[in-house]
Colleague: 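One structure coming up, written as structure tokens, with questions to follow.
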Amino acid sequence: MSRRTTPPQTRASGRSRRAPDPGIARHATGTTMIDLQPHLGTPIEGRNGQFYYRGDESRVGPYDHYLAGIRRGALASWTATLARRARELGRRGIRYHVVVVPGAHVACPEDLPDDLRGRIRAPFPRLQAALAGTDGLRLHYALADLVSRDPSPPGPGRDGAPHRTYRRNDTHWTEYGAYRNYLTVCRAIARELDVRVVEPADVTFATKQAFGDLSILRLPEGRPETIPLAVIRGGHRAHTVSKNTTVVRNRVIRMRSDTAPATAALIFHDSYATAQAKFWARSFGRTTFAGVTHRVYLDAVARERPDVVISIMAEHRLFEWPNDHDPWTFADDFESDCRSPAGRRTADVMVLYRQQKIAAAADAAAGIGAEPGFGAYHARVAAQALIGAHRVDDALAMAMTALSLDRESPSNLWMAAYASLYAGKPEDALTLATWAAGSDPHHGAWTELLASILIGLGRREEAALVLERAVAAVDDSPGLWRLLAETREAGGRPGPARQARAMVDALTGEETGPGRALDA
């Protein structure tokens with residue numbers, strides 16, 4: 001084959017605190033985790049005891065992004081991805097709401113240190129302007145809910161509110177701030193669907209002393225702060241039906257409420273949803289929480305059959321590109337086993353792989369098929385590590401094992417096609433990639449590999465036709481647009497090639513767009 005894609009990568013989506021060298025820790029449940037310290041970095045200390053999230057100091061992080069503003073490609077990519085999600089969910093008769101939660105840099109500007117005051121550029125206003133008029137998309141910015149205007153006598157919160165809406169020693173809002181935003185968004189959803197709103201009369205707030213994820217990283221360790229905890233009354237009930245934890249904290253929690261209407265919600269979220277979950281679980285008859293993620297998995301939507309999909313995400317995620325077309329399914333990311341002997345070994349393989357210790361990851365995968373509990377998921381991860389280490393024959397054998405154990409998974413088909421391609425079996429790879437793309441035509445990764453194989457076989461016109469059909473629906477995948485530009489350039493069609501290349505440039509451009517400085 002003349003064309004090969006980069007070995008597939010996997011993302012780290014959460015980390016635990018202070019793991020020993022080489023950065024791997026074993027959670028009490030047996031889950032392999034990654035050290036939190038480098039992820040959060042040294043917090044920025046502002047006024048009045050307020051801390052601000054810096055991010056990994058070894059690379060560009062939220063601190064730098066907030067000063068520079070959102071990059072052109074990130075803005076275009078999020079705009080296209082959110083519009084595509086709304087379009088696909090709308091085709092299925094599902095409402096889509098997106099809740100964006102500003103960090104303390106934006107929510108607490110009055111306490112910024114002098115060198116940051118007036119210099120923070122919030123990305124949401126530009127995204128909101130770019131998405132104005134998009135059908136089926138309901139955007140909610142939590143900033144107004146975090147700047148409280150409670151007329152009660154002065155208290156612990158700003159503007160006389162009874163409680164603070166944002167933590168001082170943590171990267172998150174308080175349960176009081178989370179409730180205020182829940183109330184705004186849930187009332188908006190209630191205008192479209194039958195839900196039960198947890199009204200203010202049903203909520204009281206107790207308080208406790210708590211450390212935060214920023215204060216614990218200081219030496220000496222910071223002091224605790226008083227935080228509000230919501231207590232829900234009024235006959236609102238909810239119970240957990242199922243809960244699982246996978247490698248690196250991904251979790252699915254399914255809940256039911258016999259006091260709410262039968263309406264079903266699927267919530268994709270990051271850690272900001274933790275403080276809101278108790279309210280959402282009592283608003284719908286059936287609620288599924290999937291986090292930590294910023295994707296919307298259409299395979300999960302097909303399985304859960306919700307009436308509404310809600311994305312809850314930190315605003316600083318907008319500085320990075322969305323990852324809806326990573327080559328993994330919902331089951332790969334959220335229903336993987338990490339408790340059995342095979343699962344624990346697989347977790348170690350994944351962490352080593354994510355740390356770019358590819359040879360060590362491949363060595364850790366050796367003999368995994370003999371471990372109790374071994375199944376398709378473990379075989380697929382092992383194949384991923386083996387391909388990265390260029391142990392092609394072993395990778396192909398493991399990929400075919402994964403496929404034999406679960407033939408319905410498009411990611412298993414994709415991995416088998418990828419391994420076949422590296423093993424010099426392009427016709428086998430073509431068949432497998434065709435099946436993968438056919439199983440989920442709204443996922444860019446499967447079609448991207450299929451088109452790459454066709455191009456490598458010299459069947460460029462077929463590849464171009466496949467790509468043109470794909471980008472009509474999957475217009476937010478730069479990989480598909482890039483391949484389309486290459487095929488049209490090679491085929492002597494400069495006009496379509498320029499159009500496709502313009503889409504690639506728009507979705508991947510690095511220049512910082514003109515931001516709106518937040519007034520201090």
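None of these values were measured; they are calculated from a predicted model.
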Colleague: If only side-chain N and O atoms count, and only distance matters, is there a donor-acceptor pair under 3.5 Å linking Thr263 with Asp307?
Modeller: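 Not at all, the side chains of Asp307 and Thr263 share no donor-acceptor pair under 3.5 Å.
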Colleague: Just wondering, are more than 12 heavy atoms of other shown residues or ligands nearer than 6.0 Å to CZ in Arg305?
Modeller: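 Atom CZ in Arg305 is not crowded, with 12 or fewer foreign heavy atoms closer than 6.0 Å.
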Colleague: Kindly state whether the ring of Tyr66 and the ring of Phe319 have centres lying under 6.0 angstrom apart.
Modeller: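 Here the rings of Phe319 and Tyr66 have centres that are less than 6.0 Å from each other.
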Colleague: Do His325 and Asp476 meet the criterion of a side-chain donor-acceptor pair at a distance under 3.5 Å?
Modeller: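 There is such a pair (donor and acceptor under 3.5 Å, judged by atom type) between the side chains of His325 and Asp476.
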Colleague: Phe268 and His294: aromatic ring centres closer than 6.0 Å?
Modeller: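 Not close enough - the centres of the two rings lie 6.0 Å or further apart.
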Colleague: So does Arg71 pair up with Glu320, basic N to acidic O under 4.0 Å?
Modeller: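 Yes.
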Colleague: I'd like to know if Arg460 and Glu489 make a salt bridge, using a cut-off of under 4.0 Å between side-chain N and carboxylate O.
Modeller: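 No, no charged N to carboxylate O under 4.0 Å.
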Colleague: Can you confirm whether Glu408 is buried at CD, in the sense that more than 12 heavy atoms of other residues, nucleotides or ligands lie under 6.0 Å from that atom?
Modeller: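 Counting neighbours around CD of Glu408, 12 or fewer heavy atoms of other residues, nucleotides or ligands fall under 6.0 Å, so no.
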Colleague: For Arg254, is there an ion pair with Glu304 - N to carboxylate O distance below 4.0 angstrom?
Modeller: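 Answer for the salt bridge query: yes.
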Colleague: Between Val100 and Tyr141, which heavy-atom pair has the shortest distance, and what is it?
Modeller: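 Minimum heavy-atom separation between Val100 and Tyr141: O-CD1, 3.5 Å.
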Colleague: Below 4.0 angstrom, N of the basic side chain to O of the carboxylate: do Glu461 and Arg488 qualify?
Modeller: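 A salt bridge links Glu461 with Arg488.
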Colleague: Show your working on ring pair (Phe, Tyr, Trp, His ring centres under 6.0 Å) between His65 and His316 and close with a plain yes or no.
Modeller: CA-CA 8 Å; His65 289 317; His316 68 81; 9.2 Å; no
Colleague: Answer yes when Arg92 and Glu88 have at least one side-chain N-carboxylate O distance shorter than 4.0 Å, and no when they do not.
Modeller: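 Yes, charged N to carboxylate O under 4.0 Å.
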Colleague: Testing the basics here: between Leu116 and Tyr63, what is the closest heavy-atom pair and its distance to 0.1 Å?
Modeller: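 Minimum heavy-atom separation between Leu116 and Tyr63: CD2-CE1, 3.7 Å.
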Colleague: Is it the case that Arg380 places NZ or CZ above or below the six-membered ring of Trp328, under 6.0 angstrom from the centre and within 45 degrees of the axis?
Modeller: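 Judged by the rule (NZ or CZ under 6.0 Å from the ring centre, within 45° of its axis), Arg380 counts as positioned above Trp328.
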Colleague: According to side chain to side chain donor-acceptor pair (under 3.5 Å), who are the partners of Asp114, at least two apart in sequence or on a separate chain?
Modeller: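 Only Arg47 meet the side chain to side chain donor-acceptor pair (under 3.5 Å) criterion with Asp114.
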Colleague: Can you name the closest pair of heavy atoms from Asp145 and Arg180 and give their distance?
Modeller: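 That would be O-NE, 2.8 Å.
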Colleague: Count the heavy atoms of every other residue, nucleotide or ligand shown that sit under 6.0 Å from CG of Asp135, and state whether that count exceeds 12.
Modeller: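 Count not over threshold, so no.
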Colleague: Picking from Arg87, Arg84, Arg469, what satisfies salt bridge (charged side-chain N to carboxylate O under 4.0 Å, His left out) with Asp475?
Modeller: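 When salt bridge (charged side-chain N to carboxylate O under 4.0 Å, His left out) is applied between Asp475 and each of Arg87, Arg84, Arg469, only Arg87 qualifies.
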Colleague: Out of Asp324, Asp332, Asp333, Thr329, which one pairs with Tyr297 under the side chain to side chain donor-acceptor pair (under 3.5 Å) rule?
Modeller: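 Of the listed options, the one satisfying the test is Asp333.
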